[in-house]
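Read the structure below first, then the notes.
Because the structure is predicted, anything quoted here is derived from the model rather than measured.
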Amino acid sequence: MAKKTAEKETPKPAETAAAPAEPAPAADPKVPDVVDDDEARRVYGDKAAAPQQGPGQPGRHARPQRGASPRGRRRVVIDAQAGRRPGQRRERGAPRQEQKREPEAPTGPVKVPSGITVKDLAEKLGVSPAKIITLMMAAGDMVQITQSLSDEAVELIGSELSREIEIRHAADEEDEEVTFEDDEDSLQARPPVVTIMGHVDHGKTTLLDAIRESAVVATEAGGITQHIGAYQVDVPDGRKVTFLDTPGHEAFTAMRARGAKVTDVAVLVVAADDGVMPQTVEAIDHAKAAQVPIVVAVNKIDRPDANPERVRTELVNHGLQPEEWGGETIFEDVSAKAKENLDGLLRSILLQADVLELKANPDAEASGVIIESRLDVGRGPVATMLVQRGTLNVGDAIVAGDAWGKVKALNDYNGKRVREARPGVPVEILGFDRPPPAGELAREVMNERVARQTAQQRAQRVRAEQLARRTASVSLEDLFSQMQEGGIRELALIIKADVQGSVEAAVDEIAKIHHDEVVVRVIHSGVGGIVASDIMLAAASNAIVVGFNVRPNAEAKQLAEREGVDIRTYRVIYQLTEDIQQALLGMLAPEQVEEVLGEAEVRQIFRASRVGTIAGCMVTQGVLQRGAQVRVVRDGTIVHDGRIDTLKRFQDDAREVAQGFECGLTLENFNDVKEGDVLEVYAVREVARTA
């Protein structure tokens, strides 16, 4: 028994221990079968090592405790080719790949936008900005990397680097013709667009008045059309014809060119007693350039000295052969005042339209041309658009140049509110954020966000061009003396006018002024009255502010006096161009200067059957004198220029009313006074030029 007991107490060896019921998992090849306690203590610490085996303890693997940090150094193997892709690894002994060389700078022609910065030009040319700055410093001009460069500077850099550079302006990009491809099934007949063209005072507007039986002539200053208008008339057979009335004076060349581009048929009005004149020839050139058929209306045949045959003979020399003489041009003898043969003229216009087979897709996105734009009191920016394709609806997002908006309202040529405008229909649009440039292509876009982004991109381009054209200037009186001293090389102007067409005409006339020593440039132009922002821009650029049919407000006047900015306002473009030309020659004649006597604000309107409209005013500055010249300014735009007819203080007649008092007055031949109008009373006196 004792022997058996001793055998039971004797422990069995580890290798003879009973096997477990389940098979042991496969050993991890990374874990060694035999654990070295000294190595475990060195790596994981004293606590991580297995305890010393006693006589009756089996061997076991050492397990590191959680959280134990290694104190010794690890063995790290660095593969130099581990970061390479499998296809990029180089085998041992293989030749090394040659390093890629930097691409050579381009040498061909390059297109850049006008007003490009130094940084962008360097990227386009493939050179460093420092090289361009060095070239400009050598030319005597210090520029920064973010500064816009003028067109002359870009051309200079191109010549220095022997590179051909084509400068693209924002206006050039908009002039690119846009074509649409529509299915024949989607096309429908549209009204023809007819442009009335010809020389000044040949009866274009009077002829249009006779056709549409209205009185547009009465609203034009001096009987001369200075704006462009779009009208639609109903002809006896139930069809409609859209008319564009363009000015005839040579200053409005660009406006007539724009009218010819959007028209289908051109009606050339020639006075039978005057014959072919320079603007008549110019209108013929515009119509031929636009490739539109011409119908000649020989007007004023009721005059005693009328000679229609002489007109036909003169026009033959310009390529217009009458049909009765075997040619292809239709001639109609008409009289606008006597309303003779107007039906024959309309039939000839419709005949030309039928030959052209005018059609458009009314179901596409709307697009067309901005005919005119202006700032209207109480309504904001207003634009006249001729829809050429698609249908424009209220609520559509629209963009035209740097102007965008959502169509809030549509008015037809009669001022009647409409819901949509189809192809060939002129319509007045309310909803632009600013007056869009006349002649711009207006198109409908997906939403307001796209319209805003498109307009902002165009505005940035235009702004960059304006910054590149900023230069120093002086007043007109000091211009000649500065030229003699060699201190001026460029005359900068800021043009503001009542409508966009007048701005365009003024800019076009100024571009015709040439001088050997001075370059005349327009650095900014806009629609509306002269405001403080215009004065600040002129002060920063040392420019002259020119107003055409507009006046500066009170804030702009004070700022101009403080900054010394020269403001000049004109009613006729002749005076503007003559003043600049005479100033360049140092031959400014004594001028008539307006001396402002006082200003008044219309607070209330009274109607009297015998007297007319009585304006209840508060004199805000100076004095008001009976019989003095007065200018009615409405939202910065001159709406009337005349005299004070009657002036009363309470019930008594007054010769003058001083500042701070109320008065009532009436104006000669003007009853359309409204509350909020500013009455500017002035006197004209002659002042001799000092230079």
Problem - Within 6.0 angstrom of Asn669 CG, more than 12 heavy atoms from elsewhere - result: no
Exercise for the section: For Val673 and Ile605, work out which heavy atoms get closest and say how close. Expected result: O-CD1, 3.5 Å
Exercise for the section: Verify, without hydrogens or angle tests, whether Thr242 (side chain) and Gly424 (backbone) share a donor-acceptor contact under 3.5 angstrom. Expected result: yes
Practice task
Using side-chain contact (heavy atoms from CB on, under 4.5 Å) as the criterion, point out the one residue from Val193, Ile294, Leu356, Leu358 that pairs with Val265.
Solution key: Leu356
Practice task
Could you verify whether a donor N or O on one side chain and an acceptor N or O on the other, from Arg422 and Gln188, lie under 3.5 Å apart?
Solution key: yes
Exercise for the section: Please examine the side chains of Leu667 and Asp645, heavy atoms only from C-beta on, and report whether any two atoms are closer than 4.5 Å. Expected result: no
Practice task
State whether the side chain of Asn393 and the backbone N or O of Asp396 hold a donor-acceptor pair below 3.5 Å, judged by distance alone.
Solution key: no
Completion exercise
When every non-hydrogen atom of Ala271 is compared with those of Val311, the smallest separation belongs to O-CG2, 3.8 Å
Fill in the blank from the handout: To the nearest 0.5 Å, atom CD of Glu578 lies from atom CD of Glu509 at 10.5 Å
Exercise for the section: Report the distance from atom CG of Leu392 to atom CD of Glu365, rounding to the nearest 0.5 Å. Expected result: 11.5 Å
Problem - Lys496 side chain reached by Val546 side chain, heavy atoms, under 4.5 Å - result: no
Handout entry: Residue pair Val334 / Ile301, side-chain heavy-atom distance below 4.5 Å
Key = no
Problem - Residues Glu675, Arg603; criterion side-chain contact (heavy atoms from CB on, under 4.5 Å); working and verdict - result: CA-CA 6 Å; Glu675 295 183 5; Arg603 299 289 179 85; over 6 Å; no
Handout entry: N-O pairing of Asp354 and Arg239 below 4.0 Å
Key = yes
Exercise for the section: Tell me, with the steps shown, if Ser525 and Ile494 meet side-chain contact (heavy atoms from CB on, under 4.5 Å). Expected result: CA-CA 6 Å; Ser525 60; Ile494 296 176; over 6 Å; no
Practice task
For the residue pair Asn549 and Arg571, confirm or rule out a side-chain donor-acceptor distance under 3.5 Å.
Solution key: yes
Practice task
Check whether the side chains of His202 and Asp274 place a donor and an acceptor atom closer than 3.5 Å, and report yes or no.
Solution key: yes
Exercise for the section: Side-chain contact test, heavy atoms from C-beta onward, threshold under 4.5 Å: evaluate it for Ile371 versus Met385 and give yes or no. Expected result: no
Handout entry: Value rounded to 0.5 Å, distance of NE2 in His640 from CZ in Phe670
Key = 6.0 Å
Problem - Side-chain donor/acceptor of Thr637 to backbone N/O of Val633, under 3.5 Å - result: no
Practice task
Ignoring hydrogens and angles, state whether a donor on the side chain of Glu332 or Asn341 is under 3.5 Å from an acceptor on the partner side chain.
Solution key: yes
Problem - Donor-acceptor contact present, side-chain Lys204 to main-chain Met197, <3.5 Å - result: no
Problem - Side-chain heavy atoms of Thr569 within contact of Phe548, under 4.5 Å - result: no
Problem - Salt-bridge contact Glu680-Arg551 (side-chain N to carboxylate O under 4.0 Å) - result: yes
Fill in the blank from the handout: For Asp498 and Val550, the nearest pair of non-hydrogen atoms, with its separation, is N-CG1, 3.5 Å
Practice task
Using atom types as modelled and distance alone, determine if a side-chain donor or acceptor of Thr313 lies under 3.5 Å from a backbone N or O of Glu309.
Solution key: yes
Handout entry: Minimum heavy-atom distance Leu624-Ala600, with the two atoms named
Key = CD2-CB, 3.7 Å
Fill in the blank from the handout: Closest non-hydrogen contact found for Ala336 with Asn299 is N-OD1, 3.1 Å
Exercise for the section: Hey, could you give me the CG/CG distance between Leu345 and Leu207, rounded to the nearest 0.5 Å? Expected result: 6.0 Å
Problem - Gap separating the CD1 atom of Ile211 from the OG1 atom of Thr206, nearest 0.5 angstrom - result: 11.0 Å
Practice task
Tell me yes or no: between the side chains of Asp579 and Tyr570, is some donor less than 3.5 Å from an acceptor?
Solution key: yes
Show the atom names and distances, to 0.1 Å, of all donor-acceptor pairs under 3.5 Å that link a side chain in residues 320-330 to residues at least two apart or in another chain.
{"residue": "Gln321", "atom": "NE2", "partner": "Trp325", "partner atom": "O", "Å": "3.3"}
{"residue": "Glu324", "atom": "OE2", "partner": "Arg312", "partner atom": "NE", "Å": "2.9"}
{"residue": "Glu324", "atom": "OE2", "partner": "Arg312", "partner atom": "NH2", "Å": "3.4"}

Practice task
Would you check if there is a donor-acceptor pair between the side chains of Glu420 and Thr391 at a distance under 3.5 Å?
Solution key: no
Please tabulate, for side-chain N and O atoms in residues 426-437, each donor-acceptor pair with protein atoms closer than 3.5 Å (sequence neighbours left out).
{"residue": "Glu428", "atom": "OE1", "partner": "Arg379", "partner atom": "NH1", "Å": "3.4"}
{"residue": "Glu428", "atom": "OE1", "partner": "Asn411", "partner atom": "ND2", "Å": "3.4"}
{"residue": "Glu428", "atom": "OE2", "partner": "Arg374", "partner atom": "NH2", "Å": "3.0"}
{"residue": "Asp433", "atom": "OD1", "partner": "Trp404", "partner atom": "N", "Å": "3.0"}
{"residue": "Asp433", "atom": "OD2", "partner": "Trp404", "partner atom": "NE1", "Å": "3.4"}

Could you pull out every donor-acceptor pair under 3.5 Å between side chains of residues 609-616 and any protein atom, sequence neighbours left out?
{"residue": "Thr613", "atom": "OG1", "partner": "Arg607", "partner atom": "NH1", "Å": "2.7"}
{"residue": "Thr613", "atom": "OG1", "partner": "Asn671", "partner atom": "O", "Å": "2.9"}

Exercise for the section: Taking Asp376 for its side chain and Gly380 for its backbone only, find out whether a donor-acceptor pair lies under 3.5 Å. Expected result: no
Completion exercise
Residues Leu410 and Ala421: closest non-hydrogen pair is CD1-N, 4.4 Å
Exercise for the section: May I ask you to test the Arg347-Leu350 pair for a side-chain heavy-atom distance under 4.5 Å? Expected result: no
Practice task
Kindly say whether Arg389 contributes a backbone atom to a donor-acceptor pair with the side chain of Asn361 at under 3.5 angstrom?
Solution key: no
Handout entry: Check: Ser335 side chain, Ala338 main-chain N or O, donor-acceptor pair, under 3.5 Å
Key = yes
Problem - Under 3.5 Å donor-acceptor, Glu444 side chain and Ala366 backbone - result: yes
Exercise for the section: Could you check Leu268 against Val295 for side-chain contact (heavy atoms from CB on, under 4.5 Å), going step by step and ending with a plain yes or no? Expected result: CA-CA 6 Å; Leu268 180 64; Val295 176; over 6 Å; no
Completion exercise
To the nearest 0.5 Å, atom SG of Cys617 lies from atom CG of Leu679 at 4.5 Å
Problem - Check: Val296 and Leu315 side chains under 4.5 Å, non-hydrogen atoms - result: yes
Practice task
Apply side-chain contact (heavy atoms from CB on, under 4.5 Å) to Val545 and Arg568, showing your working.
Solution key: CA-CA 6 Å; Val545 180; Arg568 293 182 173 269; over 6 Å; no
Practice task
Please tell me if the side chains of Val194 and Asp264 come closer than 4.5 Å, counting only heavy atoms from C-beta onward.
Solution key: no
